[in-house]
Amino acid sequence: MTTLRRSVHALIEDHALIGDMQTAALVRSDGTLDWLCLPRFDSAAAFAGLLGTEEHGFWRIAPAVPAGTAAPCADRCRYEGETLIVESEWDTETGTVRVLDFMPPRKGHAPQVIRIVEGVSGTVEMKSTMSPRFGYGSRFPWIHDEAGRTAAVSGPDSLWLDTPLPGTEKDGVVQHVFTVAAGARVAFALSWQPSHAAAPEVPDATEAYAVTSRFWVEWVEHLVYEGPYREAVVRALITLKALTHASTGGIVAAPTTSLPEWIGGVRNWDYRYVWLRDAVVTLSALLRTGYREEAAAWRQWLLRTLGGDPHNLQIMYRLDGRRDMPERELTWLPGYEGSRPVRVGNEAVGQLQLDVPGEVIEMLALAHEHGVARCENTESLILKLVDYVREHWTEPDDGIWEVRGGRRHFAHSKIMCWVAIDCAIRLAEQGLLDVDLNELKHLRDEIHTQVCERAYDPERNTFTQSYGSKELDASLLLLPKTGFLPADDPRVIGTVDAVRRELAPDGVLVHRYPTHGEQVGVDGLPGDEGAFLLCSYWLVDGLALTGRLEEAEALFEQLLTLRSDQGLLAEMYDPVNRRQVGNFPQAFSMLGLVESALCLHELREAQHNVAAAPVIAA
């Protein structure tokens, strides 16, 4: 067997995302593709080195170096304009070389990864080293030549590598060593196909590049946001679009599994599924910036998935609406930087999270406001979700954070039950729902009264995580946005201040809730976790909505500095080691950035409009 160099893990944020809106790959700054699931986001990985070593699958294209020497990181690694094409450049002693990495949007063809090597100046010796391992790195493929193409086959999967260069294969490792001169281009195209099917067509790399570039440029042209921080907003929206499954309309929370929330810890989860909560907030960000097509597709996904049975509501589903995702551990993978276990599937699918109906109803109403989803088409679904809230709101649940420490009466869940009923009342008052308004108004008041009595601590002037609890929760930062109380209510301002004081020691990075080291906390798990980046954006919104706009803008600008060089964010940030942690890139984090930018822009515009209004003499 060929001995492969064991990977020294790159930082999570040293990766860039490429994708075709049905799956995605991560390419790190040294030219290594070390994560790719095929043919879908939730399929098994054919390259899983990210969660192990090179023995678990990788594909690197970079300047050649002596054996045993680490591949050099690119001197520049960025996205090409407003696209999802990654451009990496190396300056060497003999010249400069560029590699373009992308995945063309699928239009009836097989999933493809295209890597184009371009000579910029001088001459550079390059090496492509590819070692696919199917089944999350567990299956060694049969690699052979077939009509001048390199095929790698294992069970139901096959990969086809096309390049004009001659290569070698030994012990499952395919290598191409070549020299590229200024102005020259060499293309590598990798296609996936079911192993029983005919070989896929040979991609035209030049045409694929043009199609991919044109797709993203034209998609960005639909953007209606012209406020500040446009570059950050565009990159976040492109990332959210990349996490949308084009065929089904589902939106995954992240394209990865088991990237740790704390290096070496056990909080390693699979996020390659459609969380209703994550999806609806993502669509809110897309809708508010001009993207209606995605909302229409997700609405159809929702109607297909929930069908006529929302009383059996799940918090998450698979991309095609399937309900099963049994959680298991991949024991052969050592995990990112030794963070085990590595999990696929997600046991939280069976949890009760009472905030979800409120978020879904809010999204359907927002879509209607934007001319996407006429409420008469979804009236039955909304009414059934209202019935679900009516039947369950008094129960304890597992909460927004999917804790595994037992159910509680979480304040955020109860507030979102109130939002569900309040939203239904407003739709009914517009003549869009046929309901008993008096009965719903009584229920809304009952929920409101109970939350204010049982989840509010008058001594500290703050709402708390759950009934009777003294602990706080970052989800309480959403109070000013929900309408549950006016944003200038002293209880709302007190809650925002208390959360910042107790869960954001530095005033910037907000933790979801207190963790207690090796002691098991509310989430039923030992160990700590990073600061949850979405919560920091919630703090931005909370400060802005409670009248502290300049402070909110300063905080937002601080958070922008935490993005990777490519403008991406993982789920969390480790303030001790100053690095991103958790699954990457995370839809929640990217949409938080967009929502905060919109909030700040709208409030600042409102201030300007008031200041510019003419004064009318009495």
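Keep in mind that what you see is a predicted model, and the values were worked out from it rather than measured. Numbering of residues begins at 1 and proceeds along the displayed sequence.
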Test log, rule side chain to side chain contact (heavy atoms under 4.5 Å, CB included), inputs Val252 and Leu319: CA-CA 8 Å; Val252 296; Leu319 289 164; 3.5 Å; yes
Under the side chain to side chain contact (heavy atoms under 4.5 Å, CB included) criterion, do Val594 and Leu237 qualify, and how do the steps go? CA-CA 8 Å; Val594 175; Leu237 290 170; 4.1 Å; yes
Test Glu337 against Ser339 for side chain to side chain donor-acceptor pair (under 3.5 Å), laying out the working first. CA-CA 6 Å; Glu337 292 194 19; Ser339 302; over 6 Å; no
Assess the residue pair Leu559 and Leu593 against the criterion (side chain to side chain contact (heavy atoms under 4.5 Å, CB included)); give the C-alpha distance rounded to whole Å, side-chain angles, the decisive distance to 0.1 Å, and a yes or no. CA-CA 9 Å; Leu559 293 174; Leu593 185 158; over 6 Å; no
Evaluate the side chain to side chain donor-acceptor pair (under 3.5 Å) criterion for residues Asp34 and Thr32: first the C-alpha distance (whole Å), next the side-chain angles of each, then the deciding distance (0.1 Å), finally the verdict. CA-CA 6 Å; Asp34 58 5; Thr32 302; over 6 Å; no
Dump the intermediate steps for side chain to side chain contact (heavy atoms under 4.5 Å, CB included) on His176 and Thr168, then the final yes or no. CA-CA 7 Å; His176 295 81; Thr168 62; over 6 Å; no
Report the C-alpha separation of Trp59 and Ser128 in whole Å, then their side-chain angles, then the decisive distance to 0.1 Å, and conclude whether the side chain to side chain donor-acceptor pair (under 3.5 Å) test is met. CA-CA 7 Å; Trp59 181 16; Ser128 168; 2.9 Å; yes
Please report the C-alpha distance between His56 and Glu54 in whole Å, then the side-chain angles of each, then the deciding distance to 0.1 Å, and finally whether the side chain to side chain donor-acceptor pair (under 3.5 Å) criterion is met. CA-CA 5 Å; His56 299 107; Glu54 291 186 347; over 6 Å; no
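Contact record, Leu84 with Ala242: CD2-CB, 3.7 Å, taken as the closest heavy-atom pair. Closest approach of Pro105 to Thr212, counting heavy atoms only: CD-OG1, 3.7 Å. Summarising the geometry of Ala570 relative to Leu533, their closest heavy-atom pair is O-CD1, 3.3 Å, with the distance given to 0.1 Å. The two residues Ala279 and Trp298 make their nearest non-hydrogen contact at CB-NE1, 3.5 Å. Of all heavy-atom pairs spanning Trp301 and Leu276, the tightest one is CZ3-CD2, 3.6 Å. Residue Glu529 comes nearest to Arg267 through the heavy atom pair OE1-NH1, 3.7 Å, listed as atom of the first residue, atom of the second, then distance.
Residues Trp275 and Glu402 have side chains that bring a donor and an acceptor to within less than 3.5 angstrom of each other. Arg343 and Ser258 are not linked by any side-chain donor-acceptor pair at a separation below 3.5 angstrom, with hydrogens and angles left out of the test. Ser158 and Trp160 share a side-chain donor-acceptor pair at under 3.5 Å.
Residue pairs satisfying the side chain to side chain donor-acceptor pair (under 3.5 Å) criterion with at least one member in residues 189-203, sequence neighbours excluded, are listed as follows: Asp157-Trp192.
In this structure, the separation between CZ on Phe588 and CG on Leu534 is 5.5 Å, given to the nearest 0.5 Å. Interatomic distance, OG of Ser88 versus CG of Asp75, reported as 10.5 Å (0.5 Å rounding). Distance check, rounded to the nearest 0.5 Å: CG of Asp204 to CD of Gln112 gives 10.0 Å. For the atom pair Arg60 CZ and Phe47 CZ, the distance stands at 12.5 Å (nearest 0.5 Å). Separating the OG1 atom in Thr248 from the OH atom in Tyr317 is a distance of 14.0 Å, to the nearest 0.5 Å. A distance of 8.5 Å separates OG1 in Thr289 from CG in Leu240, rounded to the nearest 0.5 Å.
Around the NE2 atom of His222, the shell of radius 6.0 Å holds no more than 12 heavy atoms that belong to other residues, nucleotides or ligands. The environment of Trp332 atom CH2 is dense: over 12 non-hydrogen atoms of other residues, nucleotides or ligands sit within 6.0 angstrom.
Side chain of Arg28 to backbone of Ala16: no donor-acceptor contact under 3.5 angstrom is found. Remark: the backbone N or O of Ala531 is not paired with any side-chain donor or acceptor of Glu261 at under 3.5 angstrom. A donor-acceptor pair under 3.5 Å is formed between the side chain of Arg272 and the backbone N or O of Ser43. Without hydrogens or angle criteria, Thr123 side chain to Ala181 main chain gives no donor-acceptor distance under 3.5 Å. At distances below 3.5 Å, at least one donor-acceptor pair connects side-chain atoms of Tyr273 with backbone N or O atoms of Gly345. A donor-acceptor pair under 3.5 Å is formed between the side chain of Thr239 and the backbone N or O of Arg235. Between the Tyr136 side chain and the Cys37 main chain, no donor and acceptor come within less than 3.5 Å of each other. Between the side chain of Gln22 and the main chain of Ser247, no donor-acceptor pair closer than 3.5 Å is present. At least one donor-acceptor pair closer than 3.5 Å links the side chain of Arg563 to the backbone N or O of Leu560. The main-chain N or O of Thr96 is never found under 3.5 Å from a side-chain atom of Thr92 such that the two would form a donor-acceptor pair.
Applying the side-chain hydrogen bond (donor to acceptor under 3.5 Å, both in side chains) criterion to Asn346, with sequence neighbours excluded, gives no partner residue. The side-chain hydrogen bond (donor to acceptor under 3.5 Å, both in side chains) search around Arg115 returns Asp101, not counting sequence neighbours. Under the side chain to side chain contact (heavy atoms under 4.5 Å, CB included) criterion, Glu82 pairs with Val220, Arg230, Val234, Ile238, sequence neighbours left out. Judged as a side-chain hydrogen bond (donor to acceptor under 3.5 Å, both in side chains), and not counting sequence neighbours, the contacts of Arg149 are Asp162. In terms of the salt bridge (charged side-chain N to carboxylate O under 4.0 Å, His left out) criterion, Asp278 has no residue partners (sequence neighbours excluded).
Between Arg318 and Asp42, at least one side-chain nitrogen of the basic residue sits less than 4.0 Å from a carboxylate oxygen of the acidic one, meeting the salt-bridge criterion. At a threshold of 4.0 Å, the pair Glu13-Arg579 does not count as salt-bridged, since none of the basic side-chain nitrogens sits closer than that to a carboxylate oxygen. At a threshold of 4.0 Å, the pair Asp320-Arg322 counts as salt-bridged, since one of the basic side-chain nitrogens sits closer than that to a carboxylate oxygen. Salt bridge status for Arg98 with Glu80: absent, with no side-chain N to carboxylate O gap under 4.0 Å. Look at Arg106 and Asp20 and you find a salt bridge, because one of the NZ, NE, NH1 or NH2 atoms lies within 4.0 Å of a carboxylate O, short of that distance. Under 4.0 Å is where a charged nitrogen must lie from a carboxylate oxygen, and between Glu329 and Arg340 no such pair does. A salt bridge between Arg76 and Glu87 is absent, with no side-chain N of the basic residue lying under 4.0 Å from a carboxylate O of the acidic one.
Ring-centre distance between Phe178 and Phe188: below the 6.0 Å cut-off. Two rings, from His601 and Tyr229, have their centers 6.0 Å or more apart.
With contacts defined as side-chain heavy-atom distances shorter than 4.5 Å, the pair Met130/Leu161 qualifies. A heavy-atom distance below 4.5 Å is found between the side chains of Ile251 and Leu283.
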